[in-house]
Amino acid sequence: MLSLSLLAGVALASQASAACSRAMLEEATAAYIKAQTDGLPNMAALTAGATYAENDTPMEIQKGVLSQSIPIDFSRSLHDTTECATFTEISSSTGKHPYVIHTRMLFTDDKISSIQSVVSDDGDWLFNATKHLKWNSQENWGVIPAAKRDAREVIKAAGDAYLDSWGDGTVVVPYGTPCARLEGGEYTGASKPMINTCTMPLFPLPFKITNRRYVIDEDVGGLDIFNDFPFIDTTQPNGTSSTNFMRVEGGMLRYIHEVTVCATKNCGR
Ligand SMILES: *[C@@H]1O[C@H](CO)[C@@H](O)[C@H](O)[C@H]1NC(C)=O
Ligand SMILES: *[C@@H]1O[C@H](CO)[C@@H](O)[C@H](O)[C@H]1NC(C)=O
């Protein structure tokens, strides 16, 4: 009983601490999509002192991808009213330069104070924007009815277990059935859409995924974890810029989208 009432308390606390309105965050992600379409990072909510970074490298916003006009063929966004943050995934496959971009924006006093993107293109891990668009657009990330929504802690725990499992075979991951993973343009659910194809083989060496940065949206069971991924790119032993965008339904992982930037073509693999 104690743990149940503690859990209830946690759920209440996260509701009570909602620090930003969903409408404000939704307006900001719509403005971000428009800015990326136009190549004009002039969102009304952007503060003059906002920081901008791509692939964990700070840069001037005028020099970044947000200052290039690119077609947005498909996008999905998360709105985190507790942490005042958003996440947006962009599939852009029909322009001259195809991209898949994962962006988190952080807010202070209802203004955008930081924009951080993982920008993947040709040569990054399993990259193919055409295939990313094809599989992504078939998935259902619709709003989950209020009575069926998972608590923030449940969604976060599912995502953390997935990342923890890569370097620790004892971690039990709540994979749903079905579960499909999109890594770059490769889709595990392509030929077996009704089963769980998300299970990761154990990597040969133990390692920890560090510098996790979360955006969580209970309304759609959505979670993204920006992280430093060691192991995959042998030239980057301290980790490379990576994010995992996940959908959780009833506590179980349903979809996983990984975007990982490589210093060498396909991370040297
Ligand atoms: C991406 O995948 C499509 C469909 O399989 C293929 O036709 C295309 O050549 C691929 N693009 C690249 C850049 O590999
Ligand atoms: C990895 O981190 C260690 C310790 O901070 C540092 O000495 C080393 O140069 C880093 N390696 C690379 C390739 O960045």
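Quick caveat: nothing in here was measured; it's all calculated off a predicted structure. Indexing begins at 1, ligand by ligand and atom by atom, following the structure's order. Throughout, residue positions are numbered sequentially from 1 according to the sequence presented.
Residues W141 and H257 place their aromatic rings such that the two centres sit under 6.0 Å apart. Proximity of the aromatic rings of W125 and F229 is defined here by a centroid distance below 6.0 angstrom, and this criterion is not met.
For atom 13 (C) of ligand 1, the nearest protein heavy atom lies 4.0 Å away or farther. Taking a distance limit of 4.0 Å, we find that atom 9 (O) of ligand 1 is approached by no protein heavy atom. Less than 4.0 angstrom separates atom 5 (O) of ligand 1 from at least one non-hydrogen atom of the protein.
Ligand 1 places these atoms under 4.0 Å from at least one heavy atom of N128: 1 (C), 2 (O), 3 (C), 8 (C), 10 (C), 11 (N), 12 (C), 14 (O).
Inter-residue side-chain proximity for P178 and I195 is flagged as unmet; no heavy-atom pair is nearer than 4.5 Å.
Between D164 and K208 there is no salt bridge, since no side-chain N of the basic residue sits under 4.0 Å from a carboxylate O of the acidic one.
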